[in-house]
Number of protein chains: 2
Amino acid sequence: MSHTIGVRQAQKQKTRQALLDAGLRLLAEQSLSSLGLREVTRMVGVAPAAFYRHFRDIPDLGVALVEESLGSLHVVIRAILAEQPGAEERIDRTVAVVEQYVRENPAHVRFIARERHGGVRAVRKAIAAELARFAAEVAAGLREQPVSDAWSDDDVLMLAEMYVDHLVMTASAILDAADDDDAVACDRIAERARRQLRLISLGRLHWTD
Amino acid sequence: MSHTIGVRQAQKQKTRQALLDAGLRLLAEQSLSSLGLREVTRMVGVAPAAFYRHFRDIPDLGVALVEESLGSLHVVIRAILAEQPGAEERIDRTVAVVEQYVRENPAHVRFIARERHGGVRAVRKAIAAELARFAAEVAAGLREQPVSDAWSDDDVLMLAEMYVDHLVMTASAILDAADDDDAVACDRIAERARRQLRLISLGRLHWTD
DNA sequence: CGTGTCGGAGAACGGATGTTTACTGAATGG
DNA sequence: CCATTCAGTAAACATCCGTTCTCCGACACG
């Protein structure tokens with residue numbers, strides 16, 4: 001294994017992570033543009049000035065949260081694209097994976113949905129760039145499927161972007177229902193998502209007319 | 001014409017509207033949860049305490065902005081649903097209407113997109129309720145088309161919700177591009193939206209299999 | 001082992017915040 | 001015409017904010 005470097009750096013990264021966690025927790029009930037620096041440090045239990053050892057300002061922390069949030073989403077995308085069987089099973093698995101991800105990472109999902117159109121330009125741009133990368137990744141996955149043989153690259157990307165948008169919207173909708181402890185609404189949204197994916201899938205089959 | 005009541009009430013509504021306008025303007029570069037009461041009154045040129053004559057607090061002003069914003073969106077929905085000719089012209093007109101609406105009401109569009117998943121619960125709920133009403137209205141419009149004859153009411157509503165979501169996302173995307181004065185990106189997004197609508201339309205035609 | 005590095009503490013700053021209070025003066029309506 | 005209503009004013013309140021400064025003490029390393 002690699003040489004363990006620095007009790008110093010280890011502690012620094014620990015508090016840095018604590019700041020990120022506290023920020024994410026506080027963002028459950030407000031937007032990034034109203035998140036206070038002192039608020040974050042207070043929750044971690046460090047002096048306000050310590051914040052500057054890790055981030056230039058709050059938007060900077062926001063950008064770091066984008067990387068953290070969408071980094072873990074990468075796993076989800078790959079899991080969905082790796083599915084082998086037919087269209088129907090694929091859709092079921094996709095929605096199931098999204099449901100599970102939302103259940104396990106509610107704060108990250110909420111953060112992305114909230115700040116995607118939020119009040120901090122730098123964070124908006126970071127999210128948009130990352131989602132564009134996801135769309136490209138999905139497009140590459142779709143390309144490999146025989147169904148896309150007659151498609152132009154532009155159209156494949158268009159479809160991929162629709163999938164990504166639909167994924168974010170679905171995740172956010174499930175989260176909203178989960179916040180109200182409304183399991184019935186959760187299932188209803190999941191079923192709706194499945195049918196919407198089926199509809200898109202149908203359109204995809206008949207695209208080349 | 002009706003009896004003109006109250007120079008008193010007229011002036012009151014005038015400042016109330018001024019507060020709403022100022023709030024909407026300030027929300028171009030921040031979220032509602034960080035909008036300051038004093039900030040709003042300062043821009044209007046009125047004492048901070050005067051705010052309380054019109055709204056209980058900032059979230060209250062937020063829900064008033066929801067009514068104002070989505071009230072004007074009603075017109076767009078009806079304009080789209082009233083289209084008579086074939087599917088292709090319908091799609092073109094739909095996107096054109098959305099483009100025009102975004103160009104004429106950028107602040108309202110941004111507000112809805114931003115606060116739909118924003119940090120203020122009351123506003124989120126108000127937007128969700130209003131969008132649900134839109135979806136119901138769209139569903140009623142779709143029901144009347146012969147294509148939907150074999151559809152269940154649930155499926156029609158599912159489709160309507162997809163249209164509404166797609167509409168909001170498209171409007172927001174066009175707005176983002178317009179903010180960067182990127183006319184090319186605007187056109188690209190509009191074209192993408194048209195193709196996505198075509199894909200959905202295709203799926204719709206083959207749903208009953 | 002001794003010296004330099006550096007993450008964090010603590011205090012202080014000027015300024016902005018939401019809310020309440022007592023008030024003014026013009027429109028209102030009997 | 002006169003008493004009342006009420007939108008808006010002005011000042012004061014306690015708090016909170018982001019940022020800067022100096023200082024400390026534990027780790028790093030030659």
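Chain naming here is simple, since letters A, B, ... match the order of the sequence lines and numbering starts at 1 in each.
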- Item | Partner residues of Arg8(A) under the salt bridge (Lys or Arg N to Asp or Glu O under 4.0 Å) criterion, sequence neighbours left out |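 Counting only residues at least two positions away or on another chain, Arg8(A) forms no salt bridge (Lys or Arg N to Asp or Glu O under 4.0 Å).
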
- Query: Quick one: salt bridge (Lys or Arg N to Asp or Glu O under 4.0 Å) partners of Arg192(B), sequence neighbours excluded?
  - Reply: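 Listed in chain order: Glu161(A).
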
- Message: Among Leu157(B), Leu159(B), Val164(B), which residue satisfies the side-chain contact (heavy atoms from CB on, under 4.5 Å) criterion with Val138(B)?
- Response: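 Single side-chain contact (heavy atoms from CB on, under 4.5 Å) partner of Val138(B) among Leu157(B), Leu159(B), Val164(B): Val164(B).
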
For the backbone of [Y] and the side chain of [X], can you confirm whether one donor and one acceptor N or O come within less than 3.5 Å of each other?
X: Ser201(B); Y: Leu197(B); value: no
X: Ser152(A); Y: Asp155(A); value: yes
X: Ser33(A); Y: Ser31(B); value: yes
X: Glu39(B); Y: Gly36(B); value: yes
X: Asp57(A); Y: Asp60(A); value: yes

- Message: Test: ring pair (Phe, Tyr, Trp, His ring centres under 6.0 Å). Region: residues 41-84 of chain A. Which pairs qualify, not counting sequence neighbours?
- Response: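 For residues 41-84 of chain A: Phe51(A)-Phe55(A), His74(A)-Phe134(A).
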
What donor-acceptor contacts under 3.5 angstrom involve side-chain atoms of residues 40-47 of chain A, with partners at least two apart or in another chain?
residue	atom	partner	partner atom	Å
Thr41(A)	OG1	Leu37(A)	O	3.4
Thr41(A)	OG1	Arg38(A)	O	3.0

Using the 3.5 Å cut-off, write out each protein N or O paired with an N or O of nucleotides 21-27 of chain D and the distance between them.
residue	atom	partner	partner atom	Å
dC27(D)	O2	Arg8(A)	NH1	2.7

Donor-acceptor pairs are to be reported for all side-chain atoms of residues 109-119 of chain B against protein atoms at under 3.5 Å, with residues two or more places apart or in another chain.
residue	atom	partner	partner atom	Å
Arg110(B)	NH1	Asp179(B)	OD1	3.4
Arg110(B)	NH1	Asp179(B)	OD2	2.8
Arg114(B)	NE	His117(A)	O	2.7
Arg114(B)	NE	Gly118(A)	O	3.2
Arg114(B)	NH1	Leu27(B)	O	3.0
Arg114(B)	NH1	Ala28(B)	O	3.2
Arg114(B)	NH1	Gln30(B)	O	3.3
Arg114(B)	NH2	Gly118(A)	O	3.0
Glu115(B)	OE2	Leu32(B)	N	2.9
Arg116(B)	NH2	Asp165(B)	OD1	2.9
His117(B)	ND1	Ser172(A)	OG	3.0

- Item | Pairing string, 5' to 3', for DNA chain D - Watson-Crick or wobble contacts under 3.5 Å, brackets [ ] where pairs cross, | to another strand | ||||||||||||.|||..||||||||||||

- Query: Salt-bridged, Glu137(B) to Arg78(B), with N to O below 4.0 Å?
  - Reply: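 A salt bridge links Glu137(B) with Arg78(B).
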
- Charged N to carboxylate O under 4.0 angstrom, Asp153(A) versus Arg143(A)?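 Yes.
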
- Query: For DNA chain D, what residues of residues 9-22 of chain B have any heavy atom nearer than 4.0 Å?
  - Reply: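 Contacting residues: Lys12(B), Thr15(B).
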
- Message: Go nucleotide by nucleotide along DNA chain D from the 5' end; which of Val46(B) and Arg56(A) gets its closest nucleotide reached first?
- Response: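 Nearest nucleotide further toward 5': that of Val46(B).
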
- Message: By the 4.0 Å heavy-atom rule, please label Tyr52(B) as base, sugar-phosphate, or nothing.
- Response: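 Base: the residue Tyr52(B), judged by heavy atoms under 4.0 Å, touches a nucleobase.
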
- Sugar-phosphate atoms are those with a prime plus P, OP1 and OP2; base atoms are the rest. Using that split, label each nucleotide of nucleotides 12-17 of chain D B, S or - for protein heavy atoms under 4.0 Å, 5' to 3'. B----B

Do any side-chain atoms of residues 94-101 of chain A form donor-acceptor pairs under 3.5 angstrom with protein atoms, and if so which ones, sequence neighbours left out?
residue	atom	partner	partner atom	Å
Thr94(A)	OG1	Arg90(A)	O	2.7
Gln100(A)	NE2	Glu104(A)	OE2	3.1
Tyr101(A)	OH	Ser72(A)	OG	2.8

- Within residues 125-136 of chain A or reaching into it, pairs that qualify as salt bridge (Lys or Arg N to Asp or Glu O under 4.0 Å) - sequence neighbours excluded: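 Passing the test, one end in residues 125-136 of chain A: Glu130(A)-Arg133(A).
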
- Positional range of nucleotides in DNA chain C within the contact set of chain B, heavy-atom, under 4.0 Å: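 Here the contact window of chain B covers dT17(C) to dT28(C).
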
